[in-house]
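Below you'll find the structure, written out as structure tokens, and then a few comments.
Quick caveat, the model's predicted, so the values are computed rather than measured. All values below come from the heavy atoms of this structure, side chains included, with hydrogens, waters and symmetry mates left out.
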Amino acid sequence: IMGMLGMGALVVVLDPGSVKSYDNEVEYAKEHKAELMGRQPHRCNDRLEDFVQAIAGEEGSILRDAMPTARLLSQCLMSSKGQEPKDPYVLLGPWSPCYKDHGERSEQQQPQ
């Protein structure tokens, strides 16, 4: 860790123009608009949201809901693209912006 910090400090000292800082995220977004527009959420974003809701959400119980959501999240992360688990969400519902219907998920996987 100290080596990486030392390398970063060395770069800043030797070439201060190579590191650019921004006052806020809006300025960064304006300058990097093209690369930000092409970003897509991770394919397991919905499972992660279900897991976070189980741990920190008001409706979830960490003792009851954490293990099933963690299992589904790990299955999703270990699966190949298009082979994500089809099991229903534990806490996530259609009212959530991260919710994906399994039919909708398979349509998104089709090559264009």
- State plainly whether one hydrophobic cluster holds both Val90 and Leu77, where clusters connect Ile, Leu, Val, Met, Phe, Trp and Tyr through side-chain heavy atoms under 4.5 angstrom apart. no

Determine, using the 4.5 Å side-chain heavy-atom cutoff (strictly less than), whether Ile55 and Leu48 are members of one ILVMFWY cluster. yes

Please confirm whether the backbone N or O of [Y] pairs with a side-chain atom of [X], one donor and one acceptor, at under 3.5 Å?
| X | Y | answer |
| --- | --- | --- |
| Asp50 | Leu91 | yes |
| Arg47 | Glu84 | no |
| Asp46 | Glu49 | no |

Atom pairs and distances, donor-acceptor, side-chain atoms in residues 67-75, under 3.5 Å, two or more places apart:
residue, atom, partner, partner atom, Å
Thr69, OG1, Asp65, O, 2.9
Thr69, OG1, Ala66, O, 3.0
Ser74, OG, Ala70, O, 3.3
Ser74, OG, Arg71, O, 2.9

ask   = Are a donor atom and an acceptor atom from the side chains of Glu31 and Tyr22 found within less than 3.5 Å of each other?
value = yes

NZ (Lys86) and SG (Cys76) are apart, to the nearest 0.5 Å, by 9.5 Å

For residues 47-66, the ring pair (Phe, Tyr, Trp, His ring centres under 6.0 Å) pairs (sequence neighbours left out) are none

Taking every heavy atom of His42 against every heavy atom of Lys100, the minimum-distance pair comes out as O-NZ, 4.4 Å

